[in-house]
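Each remark here refers to the structure printed beneath this line.
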Amino acid sequence: MFRLIPGGPRSKSRAATAFVVAAGLTGAALLVTTGPTYATSARTSATLIEKITGPDSPNDTYGRWNVKATDLGIMWDNNAGQVLTAFGDTFGDAWIGPGGGVLGSGDANWRSNVLLRSSDTTPGDGMDFASAVTGPDGRAREILPGLHQPDGTGEVTKIPTAGIAVGDRQYVSFMSVRHWGPPGQWDTNYAQIAYSDDNGDTWSTTGTPTWDNPSFTDTFQQQAFARSGGYVYVFGTPSGRNGNAYLARVPEAQMLTQSAYQYWNGSSWIANDEAAAVAVVDAPVSELSVRYDSSSGRWVMMYLQGEDIVLRTATSPQGPWSGAQIVVSSADYPGLYGGFLHPWSSGGTLYFTMSQWNPYNVYLMKVRIDATGAVVAPNLVGDPSFERGALTGTGTDGTWACSGNCGIDNSRWGYSGDRNGFARFNRGWQDVHQTVPVEANTAYQLTGFVRTSSNSRNGFMGVRTPSGAVIGQAHYTAIGSWTRIVVNFNSRADTSVVVYAGVRTDSGDIWIQLDDFSVTRT
């Protein structure tokens with residue numbers, strides 16, 4: 001998503017804002033009062049698996065379909081062995097970033113939305129896209145064409161917010177954005193459901209359910225879908241990022257009949273009366289995703305709360321919903337948003353997409369929950385993405401330390417966000433390391449992303465004891481693009497281990513860059 005102002009596209013900040021307390025005002029006259037922003041410095045529980053869009057992702061969405069920059073990544077099972085993924089405002093050749101709509105000269109190939117398809121059944125090692133909905137030129141094309149009118153005068157763009165399949169028919173809910181306001185605030189014209197009978201190639205909105213928004217107060221402008229017991233449950237929030245979440249349901253066979261929608265009023269379902277709906281989760285709720293997790297027997301909800309991605313669970317769609325657990329902290333991934341659940345998550349492992357405003361692309365993440373819905377086996381590495389500060393710590397208490405010449409790059413070179421760790425010199429051993437608490441005699445997995453100079457010959461990433469004995473490590477030579485390295489190890493009798501990545505620099509000026517580390521129990 002991005003903001004369009006007269007003269008062309010410009011970036012739209014994703015930062016959280018205080019609550020909007022006055023309803024029915026236009027974007028030019030929003031009344032804002034002081035309130036909690038929900039920004040925290042909590043640690044990130046989730047692990048980053050892979051960047052799934054952009055020119056430097058394994059999918060090469062730029063080279064294949066001219067998807068250089070995009071966001072969201074709303075996923076659903078098409079009931080035919082594929083996961084369909086809808087993305088928001090998408091840019092091509094002339095995008096320079098950071099953020100959506102920051103363009104250089106030439107053709108940016110702005111599309112309000114695109115759709116990619118995946119048959120990858122092993123999200124634990126990434127998400128491969130096999131095809132896209134394309135135009136005659138082979139580029140990914142809009143599935144729901146946006147009018148691209150000047151901001152505040154009509155329709156700026158159409159943004160997908162939910163997707164689901166019933167039988168072999170695909171449904172997408174989208175919002176028609178009229179005005180991008182201050183950070184976290186925007187106005188919509190309406191929300192509407194579109195459907196496709198050819199696996200997403202063509203879509204129809206003729207006579208489909210529409211939630212008009214003339215006073216900018218409608219509560220179902222952004223939606224999330226989940227199926228259960230012959231119903232599609234529809235969770236709704238107002239436009240922007242500061243509203244409550246509400247709930248409706250509709251029989252699966254009547255998705256396109258607006259009068260068949262029933263709204264939860266706190267004690268019963270009320271037919272065809274949106275005004276009867278009461279909040280099931282209090283504000284601020286945005287970019288909501290919901291699914292039923294069979295391993296825990298609980299409903300799982302993920303969304304942006306203020307500046308962090310949080311998770312709640314419940315035994316029914318109506319709630320009561322548990323307290324929010326932070327799964328991704330904005331302190332580690334600045335400018336994050338989204339949190340859309342992968343439909344093939346199983347066994348208590350939840351896969352989801354996370355967007356970052358910089359580099360305006362989408363990442364696949366994972367987090368684990370137990371039978372009570374509590375997050376378990378979190379990432380034990382502090383500051384996993386090197387975003388929290390300078391690399392001058394002691395290597396304990398969630399900080400990184402250096403052996404030799406190393407530090408933090410702050411030039412948008414990171415695999416995620418702006419920053420990454422580095423080490424560089426022309427002789428001796430250089431590394432970045434952190435002491436991580438573990439349980440004794442327990443199996444763990446270390447992951448991290450590395451790239452090196454072309455003359456690197458002798459690099460290592462691994463785990464050692466506090467006294468320096470290597471427990472397990474991987475060897476690498478020259479790595480030209482960001483590459484995920486995995487080291488499985490057992491903690492043996494140790495209750496802490498030292499995570500490290502480094503290089504021997506005895507063959508000239510050699511550098512390594514590091515980002516997005518994790519240690520999790522397996």
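Small disclaimer: the values here were computed from a predicted structure and weren't measured.
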To the nearest 0.5 Å, what is the distance between [atom1] ([X]) and [atom2] ([Y])?
| X | Y | atom1 | atom2 | value |
| --- | --- | --- | --- | --- |
| Leu147 | Glu155 | CG | CD | 4.0 Å |
| Thr353 | Met75 | OG1 | CE | 4.0 Å |
| Tyr246 | Thr219 | OH | OG1 | 6.0 Å |
| Thr44 | Met365 | OG1 | CE | 6.5 Å |
| Lys158 | Ser112 | NZ | OG | 7.5 Å |
| Met302 | Arg312 | CE | CZ | 12.5 Å |

I'd like to check [X] versus [Y] (side-chain heavy atoms, cut-off strictly below 4.5 Å). Are they in contact?
| X | Y | answer |
| --- | --- | --- |
| Ile159 | Val177 | yes |
| Val290 | Val300 | no |
| Ser316 | Arg298 | no |
| Val67 | Arg111 | yes |
| Phe517 | Phe449 | no |
| Phe386 | Leu514 | yes |
| Ser131 | Leu116 | no |
| Asn59 | Thr53 | no |

Could you tell me if [Y] and [X] have a donor-acceptor pair between their side chains, going purely by distance under 3.5 Å?
| X | Y | value |
| --- | --- | --- |
| Asn79 | Asp168 | no |
| Asp218 | Gln221 | yes |
| Gln223 | Thr161 | no |
| Ser330 | Asp308 | yes |
| Ser196 | Asp198 | yes |
| Thr217 | Ser215 | yes |
| Thr188 | Asn213 | yes |
| Asn109 | Asp93 | no |
| Gln513 | Asp409 | yes |
| Asp89 | Trp110 | yes |

Verdict with reasoning, Asn189 to Ser176, per side chain to side chain donor-acceptor pair (under 3.5 Å): CA-CA 5 Å; Asn189 298 300; Ser176 167; 2.9 Å; yes
So, using side chain to side chain contact (heavy atoms under 4.5 Å, CB included) as the criterion, who are the partners of [X] when residues are at least two apart?
| X | value |
| --- | --- |
| Leu256 | Arg169, Tyr171, Ile193, Tyr195, Thr208, Pro209 |
| Ala194 | Leu144, Phe174, Trp203, Thr205 |
| Pro384 | Asp332, Tyr333, Asn379, Val381 |
| Arg419 | Glu387, Ile408, Asn410 |

By ring-ring contact (aromatic ring centres under 6.0 Å, His included) - contacts of [X] (at least two apart):
| X | answer |
| --- | --- |
| Tyr261 | Trp211 |
| Phe225 | none |
| Trp299 | Tyr233, Tyr292 |

Contacts of Thr70 that satisfy side-chain hydrogen bond (donor to acceptor under 3.5 Å, both in side chains) - sequence neighbours left out: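 Listed in chain order: Thr90.
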Cation-aromatic face contact Lys68/Phe91, 6.0 Å, 45 degrees: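 No, cation not above the ring by the 6.0 Å, 45° rule.
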Tyr337 six-ring centre to Arg241 NZ/CZ under 6.0 Å and within 45° of normal: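 Verdict for Tyr337: a cation-pi partner in Arg241.
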Atom of Val83, atom of Pro343 and distance for their closest heavy-atom approach: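 Scanning both residues completely, I find the closest heavy atoms to be CG2-CG, 3.9 Å.
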Ser289 versus Gly339, closest heavy-atom pair with distance: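 Looking at all heavy atoms of both residues, the closest pair is CB-O, 3.5 Å.
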Centroid-centroid distance, Phe352 to Phe340, less than 6.0 Å: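 Ring centres of Phe340 and Phe352 not closer than 6.0 Å.
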Ring-ring centroid check His179 Trp186, cutoff 6.0 Å: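 Distance test on ring centres: not under 6.0 Å, no.
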Steps toward side-chain contact (heavy atoms from CB on, under 4.5 Å) verdict (Tyr303, Ile309): CA-CA 6 Å; Tyr303 64 91; Ile309 294 176; over 6 Å; no
Worked check of side chain to side chain donor-acceptor pair (under 3.5 Å) between Thr157 and His148: CA-CA 6 Å; Thr157 189; His148 296 186; 4.8 Å; no
Candidate pair Asp516 and Tyr363, rule side chain to side chain donor-acceptor pair (under 3.5 Å), full reasoning: CA-CA 11 Å; Asp516 299 299; Tyr363 297 83; over 6 Å; no
Parallel, tilted or perpendicular: rings of Trp344 and His342 (30°, 60°):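 Tilted: the ring planes of His342 and Trp344 meet at 30° to 60°.
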Partners meeting salt bridge (Lys or Arg N to Asp or Glu O under 4.0 Å) with Asp212 (sequence neighbours left out):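 For Asp212, no residue satisfies salt bridge (Lys or Arg N to Asp or Glu O under 4.0 Å) once neighbours in sequence are set aside.
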Under the salt bridge (Lys or Arg N to Asp or Glu O under 4.0 Å) test, residues paired with Arg141 that sit two or more places apart: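 Per chain and number, Arg141 pairs via salt bridge (Lys or Arg N to Asp or Glu O under 4.0 Å) with no residue.
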Derivation and outcome, salt bridge (charged side-chain N to carboxylate O under 4.0 Å, His left out), residues Arg291 and Asp77: CA-CA 12 Å; Arg291 72 182 300 272; Asp77 187 328; over 6 Å; no
Expected output: side-chain Gln222 to main-chain Pro238 donor-acceptor under 3.5 Å: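 Checking the backbone N and O of Pro238 against the side chain of Gln222, a donor-acceptor pair under 3.5 Å is found.
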Test log, rule side chain to side chain donor-acceptor pair (under 3.5 Å), inputs Asn78 and Asn199: CA-CA 7 Å; Asn78 73 346; Asn199 200 32; 2.9 Å; yes
Listed once per pair and sorted, the salt bridge (Lys or Arg N to Asp or Glu O under 4.0 Å) pairs that draw on residues 44-64, sequence neighbours left out: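 Only Lys51-Asp56 qualify under salt bridge (Lys or Arg N to Asp or Glu O under 4.0 Å).
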Salt bridge (Lys or Arg N to Asp or Glu O under 4.0 Å) partners of residues 245-261, not counting sequence neighbours, each pair once: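 Found Arg227-Glu252.
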Passing option when Tyr263 is tested against Phe235, Phe220, Trp269 for ring pair (Phe, Tyr, Trp, His ring centres under 6.0 Å):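 It is Phe220, the one option of Phe235, Phe220, Trp269 that forms the ring pair (Phe, Tyr, Trp, His ring centres under 6.0 Å) with Tyr263.
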